[in-house]
2 protein chains.
Amino acid sequence: MEVFWRKGYAATTPQDLVDALGIGKGSLYNAFGSKRALFEKALCRYRDSQALALIEMLEEKGPVKDRLRKALRFLAETDLADPDRRGCMAVNTAAELAGTDEAAADLVRRMFDRTEGAFRVLVEEGQRAGEIAPGRDAHAIGSLLLNAVVGLRLMARIAEGPDRLSRVIDATVDVL
Amino acid sequence: MEVFWRKGYAATTPQDLVDALGIGKGSLYNAFGSKRALFEKALCRYRDSQALALIEMLEEKGPVKDRLRKALRFLAETDLADPDRRGCMAVNTAAELAGTDEAAADLVRRMFDRTEGAFRVLVEEGQRAGEIAPGRDAHAIGSLLLNAVVGLRLMARIAEGPDRLSRVIDATVDVL
DNA sequence: CGAGTTCTTGACCTATGGGTCCAGAAAGGT
DNA sequence: ACCTTTCTGGACCCATAGGTCAAGAACTCG
C-alpha cells in the first residue's frame, strides 16, 4: 500500500514491491497473483484504514462546524507533513486509473459515496443544531464537502505551503 | 497531448505516440528528445488551449454568478461527454507526477495560480456589483472556487452520471 | 521423528519500454 | 543539375517489466 500510494500504479515495479516487502519475487506472485491484484488489495486496505478515519473524525462530539474544520485541517496538515506528499490514494487512483480500470474506479466511487454520506449526516446534524441554515439541501452540501476534500487532497500534492489550503478550509467552513 | 491526456504519463508508451502521430520513432525522438520533454510540451499546449479557455469564459459579460454557474456547468458537461473521461490534464498530472517531477508540478501550480487569480477577480467584481457579500475575503473565495473546480474535474473522471456534479455546482454557486 | 504439504527464493523467460543510429528521401542553396 | 543539409523511418539496442518455475527450506501432524 505504501509503495503504490507513493508512486502510483503504473510507476510501481515488481522490484519496488519486492524491496519494500523484503520477500522474494516468487513469494510475491505466489501470494498475490499479479501486480494488479495486489494493488486492489492495497486500495482496500487504504479504504479500511485511512478513508474510514476521516468518517470517524466527523462523528466525534462538539459543534458541527468545529468538527468539520478540525477534520479538514487535520487532512491538510498530515498531507503537507508527509515528506512524499502522497495526498489521498483514492484521489490519485481516480486520476490515474479511472479511464482504464473499472474495478479500481468502482472502489474509489464507493469510498466517495461513503464520505459524501458522512458529510450529509453531519450537515443534517448541523441543521438540527441550528448551526447550518435549514433551508440548504443537506445532500448538496454533502456533495460540496466531498468535492472540497477531493480538491484539497489533490492540491496538497503540489501546494508550496499551507496558505492556499488554509484559505480553502476557512472559506469552505465559513460559507456554510 | 491527446494521448498523454487520455492515458497519463507513465502509461503512455513511445509506440502509442508513434501510432498517434503517424511518424517514425526516429522522427519522434529527433523532434522532441525524450518522452519526458514531449510530455512537457504537451502539458504546455494543454495550458495554452484548454486551461485558458476557462479563464476566458469567466471574463464574459453578465451577472457574475451566472457566468460562474455557466462555466462550471460547461466543464462538467464536456468532461462527462468525453467518451474517454479524461478530465483535466493538469489535475491528472498533479495526481500522477507531483511527488516525482518537480517541473511538471510547477507547471500545474502556475496553471492553478492563474485560475485562482481569475476567480478572485470574478469574486471582486461580484462584490462590487452587489452579487456577493462584500464581507467575504475575495482571495479565499477564489481559492475555494479553484478547489471546487479541481474537485469537480477529478470527480468527473469517475462520476456515473451528472447528478453529483450538478449538486456540487449548484451548492457551490448558492453558498456564495 | 519422518513424510507430506506448503512457502520461499532467485534464476529464468518473453515482451516491451525508452532510446540510438544509419541509410536513404526531401528540401534547400547555387 | 549538383551538392549539402535536414528529415524520416525503422532496424537495432539494452535494461527492465511482469511473471513463471523448479529446487530446496520450513512447517505441519500423526
Side-chain angles (χ1 to χ4, degrees), chain A residues 1-47 84-87 89-90 92-108 157, chain B residues 1-47 84 86-87 89-90 92-108:
Chain A
M1 183 185 87
E2 298 289 340
V3 179
F4 279 128
W5 189 358
R6 177 155 44 82
K7 310 190 49 161
Y9 178 73
T12 297
T13 72
Q15 194 55 49
D16 292 330
L17 297 166
V18 162
D19 291 348
L21 292 169
I23 63 177
K25 215 182 200 179
S27 302
L28 178 72
Y29 277 86
N30 190 43
F32 301 111
S34 71
K35 179 186 167 186
R36 176 53 228 292
L38 176 53
F39 178 77
E40 204 159 316
K41 289 207 134 196
L43 190 55
C44 287
R45 177 174 285 278
Y46 179 84
R47 175 196 56 198
D84 294 323
R85 288 296 192 84
R86 293 170 299 181
M89 188 175 175
N92 299 346
T93 300
E96 187 185 358
L97 297 181
T100 52
D101 185 332
E102 191 49 42
D106 219 62
L107 270 169
V108 173
R157 296 213 68 190
Chain B
M1 182 185 88
E2 297 289 340
V3 179
F4 279 128
W5 189 359
R6 177 155 45 82
K7 309 190 50 160
Y9 178 73
T12 296
T13 72
Q15 194 55 49
D16 292 330
L17 297 167
V18 162
D19 292 346
L21 292 169
I23 63 177
K25 216 179 190 181
S27 301
L28 178 72
Y29 277 86
N30 191 42
F32 301 110
S34 71
K35 179 186 166 185
R36 177 54 228 291
L38 176 54
F39 178 77
E40 204 158 316
K41 289 207 133 196
L43 189 54
C44 287
R45 177 175 284 277
Y46 179 84
R47 174 196 56 198
D84 294 323
R86 293 169 299 181
M89 188 177 175
N92 299 347
T93 300
E96 186 183 359
L97 298 182
T100 52
D101 185 333
E102 191 48 43
D106 218 62
L107 270 168
V108 174

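Computed from heavy atoms alone, side chains included, the values below leave out hydrogens, waters and symmetry copies.
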* To do: Please tell me which of K35(A) and G26(A) maps to the more 5' nucleotide of DNA chain D, matching each residue to the nucleotide holding its nearest heavy atom.
  => K35(A)
* **Whole-Å gap separating P (dA23(D)) and CG (N30(A))** => 17 Å
* Is any side-chain nitrogen or oxygen of Y29(A) closer than 4.0 Å to OP1 or OP2 of dG19(D)? -> yes
* Which parts of residues 13-23 of chain A get close to DNA chain D, meaning a heavy atom less than 4.0 angstrom away? -> T13(A), P14(A)
* Asked: How is K25(A) classified with respect to the nucleic acid when contacts are heavy atoms under 4.0 Å: base, sugar-phosphate, or nothing?
  -> base
* Aromatic ring pairing F4(A)/Y9(A), orientation class (parallel under 30°, perpendicular over 60°, tilted between) -> parallel
* Range on DNA chain C touched by chain A - first to last nucleotide, heavy-atom distance under 4.0 Å -> dT8(C) to dG10(C)
* To do: List the atom of R157(A), the atom of R6(A), and the distance in Å for their closest heavy-atom pair.
  => NH2-O, 4.3 Å
* All side chain to side chain contact (heavy atoms under 4.5 Å, CB included) counterparts of A37(A), not counting sequence neighbours -> S34(A)
* Structure fact -> note: L28(B), atom CG; dC7(D), atom P; distance rounded to Å ~ 15 Å
* To do: Examine distances only and state if a side-chain atom of E96(B) and a backbone atom of A10(B) form a donor-acceptor pair shorter than 3.5 Å.
  => yes
* Criterion side chain to side chain donor-acceptor pair (under 3.5 Å) on D16(B) and T13(B), from CA distance to verdict -> CA-CA 5 Å; D16(B) 292 330; T13(B) 72; 3.2 Å; yes
